[in-house]
Each structure stands twice: as C-alpha cells, then as structure tokens.
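Computed from a predicted structure; not experimentally measured.
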Amino acid sequence: SSRRDDMLRAEVSALTAALIQKGVLTTEEFRGHLLIEAEALDSMYRRRFPGYESTEQGMAITDFSKARETMKGWKP
C-alpha cells in the first residue's frame with residue numbers, strides 16, 4: 001500500500017473512533033454503514049471487471065471468456 005493509503009486509513013480510523021467515543025454513532029451503526037459502502041464498492045468492481053467477483057477469500061473468476069476479455073492488454 002502507498003503512504004497516502006496508509007494515511008487515509010489512519011485518518012478514517014481516528015475519525016471513526018472519535019465519533020463512536022463521543023456517542024455520535026454506535027459501533028453497530030458504523031458497521032451497518034460500512035456494509036452498505038462495501039456492497040456498493042463490490043458492485044462497482046463487478047461492472048469494472050466483468051467475469052470476476054469478490055469473495056471472502058479474494059477475487060474469483062466467474063466467467064473465463066469475460067475475464068480473458070477484461071484482462072486483454074492489461075499490464076501489471
């Protein structure tokens with residue numbers, strides 16, 4: 001991960017902890033909002049990477065012909 005990603009993670013963690021500590025939201029409310037955002041991100045990734053889907057273990061190929069087309073010309 002990049003330094004920018006690490007800093008963003010630290011900022012979000014600090015902000016979340018402060019909001020929970022101040023009683024602005026509960027841990028359960030935060031988890032609910034996080035689940036909604038994670039599902040939206042997952043949906044965006046499915047549209048961006050046809051032939052793939054996310055699982056609890058990571059990314060999985062669900063349609064090899066679509067996945068092959070998705071990765072055509074891709075360079076790491």
Side-chain angles (χ1 to χ4, degrees):
S1 68
S2 72
R3 286 180 34 184
R4 184 177 57 203
D5 292 343
D6 293 341
M7 189 63 199
L8 179 59
R9 181 189 180 287
E11 290 169 344
V12 171
S13 294
L15 180 60
T16 302
L19 291 171
I20 291 169
Q21 192 174 40
K22 295 276 185 186
V24 176
L25 79 158
T26 66
T27 301
E28 292 77 24
E29 289 170 326
F30 173 73
R31 286 182 182 148
H33 290 290
L34 185 59
L35 180 60
I36 291 167
E37 293 302 320
E39 288 171 347
L41 182 61
D42 184 58
S43 179
M44 183 206 53
Y45 282 149
R46 279 191 310 249
R47 287 190 305 276
R48 187 172 176 191
F49 300 103
Y52 293 85
E53 72 176 33
S54 62
T55 69
E56 289 186 18
Q57 291 75 35
M59 296 301 291
I61 296 174
T62 56
D63 183 318
F64 281 95
S65 63
K66 285 182 182 179
R68 182 176 30 256
E69 197 60 33
T70 297
M71 294 290 102
K72 195 175 198 174
W74 181 78
K75 294 178 178 154

| side-chain contact (heavy atoms from CB on, under 4.5 Å) with Glu28: which residues, sequence neighbours excluded? | Thr26
| query | Quick one: side chain to side chain donor-acceptor pair (under 3.5 Å) pairs with a partner in residues 39-49, sequence neighbours left out? | reply | Asp42-Arg46, Asp42-Ser54, Ser43-Arg47
| said: Using 0.5 Å steps for rounding, measure from the CE atom of Met44 to the CG atom of Leu41. | reply: 4.5 Å
| Under a 4.5 Å side-chain heavy-atom rule over Ile, Leu, Val, Met, Phe, Trp and Tyr, are Leu34 and Val24 clustered together? | yes
| Sequence neighbours excluded, every pair satisfying side chain to side chain donor-acceptor pair (under 3.5 Å) that has a member inside residues 67-76 | none
| message | Minimum heavy-atom separation for Tyr52 and Thr62, please, with both atom names. | response | N-OG1, 3.8 Å
| query | Nearest 0.5 Å, what's the CZ-CD1 distance between Phe30 and Ile20? | reply | 6.5 Å
| According to a 4.5 Å side-chain heavy-atom criterion applied to Ile, Leu, Val, Met, Phe, Trp and Tyr, with indirect links allowed, do Leu15 and Leu25 form part of one hydrophobic cluster? | yes
| Roughly how far apart are Thr16 OG1 and His33 NE2, rounded to 0.5 Å? | 11.0 Å
